[in-house]
Amino acid sequence: QGHLVESGGGSTQAGGSLRLSCTASGYSSSRRFIGWFRQGPGAEREAIAAIYTTGETLLHDSVEGRFTISQDNAKNTVYLQMNNLTPEDTAIYYCAARFDVRFGGFHWRRPLDYRDWGQGTQVTVSS
């Protein structure tokens, strides 16, 4: 059974940066999507970025130019670099995984398409 662990959350002021990590373990397939979602207070969980095994990346328009998703396949780790943070970025951030899937046709923004989720990490941005 696979397992995801996030790290790197914390508090910062507006304009600051944080880097989140998501490490996957216990998976046998190399074909996978890892997505980052966030859920603010009273809001629905929204997808903000995803990356496929072969390096294709997807970003939500709201974070384009500020957030970057990357991976180190040797470490089974995906990173979310967040720059120029604003108070509106305050949320619990989750990584999610779907293994044994092809790139084409996968609905990366849909939470139900992912099978495994991390425990979440809090990001707080003050003004």
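In this text the structure is predicted, and so the values were computed from the model without any measurement.
- At least one side-chain heavy atom of Leu85 sits less than 4.5 Å from a side-chain heavy atom of Leu18.
- Residue pairs meeting the disulfide bond (SG atoms under 2.5 Å apart) criterion with at least one partner in residues 47-124, sequence neighbours excluded, are Cys22-Cys95.
- The main-chain N or O of Arg32 is never found under 3.5 Å from a side-chain atom of Asp100 such that the two would form a donor-acceptor pair.
- Side-chain contact between Thr90 and Gln122 is present, with at least one heavy-atom pair separated by less than 4.5 Å.
- Residues meeting the side chain to side chain contact (heavy atoms under 4.5 Å, CB included) test with Ser62, sequence neighbours left out: Arg38, His60.
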(request) Give the intermediate values and the outcome of side chain to side chain contact (heavy atoms under 4.5 Å, CB included) for residues Glu6 and Tyr93. (result) CA-CA 9 Å; Glu6 301 113 333; Tyr93 284 68; over 6 Å; no

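- Contact check for Ile48 versus Ile69: no side-chain heavy atoms found under the 4.5 Å cut-off.
- One distance of note links CG of Asn76 with CG of Leu4; it measures 10.5 Å at 0.5 Å rounding.
- You'll find the side chain of Leu58 stays beyond 4.5 Å of the side chain of Ile51, heavy atoms only.
- Residues Tyr114 and Gly35 share a closest heavy-atom pair of CE2-N, 3.7 Å.
- Heavy atoms only, all atoms of each residue included: Arg98 and Phe106 are closest at CG-CE1, 3.6 Å.
- Taking the ring centroids of Phe67 and Tyr79, they lie at or beyond the 6.0 Å cut-off.
- Taken together through direct or relayed side-chain contacts under 4.5 Å among Ile, Leu, Val, Met, Phe, Trp and Tyr, Trp108 and Val101 form part of one hydrophobic cluster.
- Under a hydrophobic clustering in which Ile, Leu, Val, Met, Phe, Trp and Tyr are joined whenever their side-chain heavy atoms come within less than 4.5 Å, directly or via other members, Leu80 and Phe37 fall into different clusters.
- By the ring-ring contact (aromatic ring centres under 6.0 Å, His included) test, Tyr27 is found to be paired with Phe99, residues two or more places apart in sequence or in another chain being considered.
- For Arg102, the side chain to side chain contact (heavy atoms under 4.5 Å, CB included) partners two or more places apart in sequence, or in a different chain, are Arg31.
- Note on residues 12-21: pairs passing side-chain hydrogen bond (donor to acceptor under 3.5 Å, both in side chains), not counting sequence neighbours, are Ser17-Asn83.
- Annotation for Leu59 and Ala49: closest pair CD2-CB, 3.5 Å, computed over non-hydrogen atoms.
- Relative orientation of the Phe33 and Phe103 rings is parallel, given thresholds of 30° and 60° on the angle between their planes.
- One finds the CD atom of Glu44 at 9.5 Å from the CD atom of Glu46 (value rounded to the nearest 0.5 Å).
- Gln71 places a side-chain N or O within 3.5 Å of a backbone atom of Tyr52 that can act as its donor or acceptor partner.
- For residues 47-71, the salt bridge (charged side-chain N to carboxylate O under 4.0 Å, His left out) pairs, not counting sequence neighbours, are Arg66-Asp89.
- Side-chain atoms of Met82 and Val123, non-hydrogen and from C-beta on, do get closer than 4.5 Å to each other.
- Seen from the ring of Trp117, Arg45 counts as a face-on cation partner, given the 6.0 Å and 45° thresholds.
- Inter-residue side-chain proximity for Leu20 and Trp36 is flagged as met; some heavy-atom pair is nearer than 4.5 Å.
- Closest approach of Pro87 to Ser126, counting heavy atoms only: CG-C, 4.3 Å.
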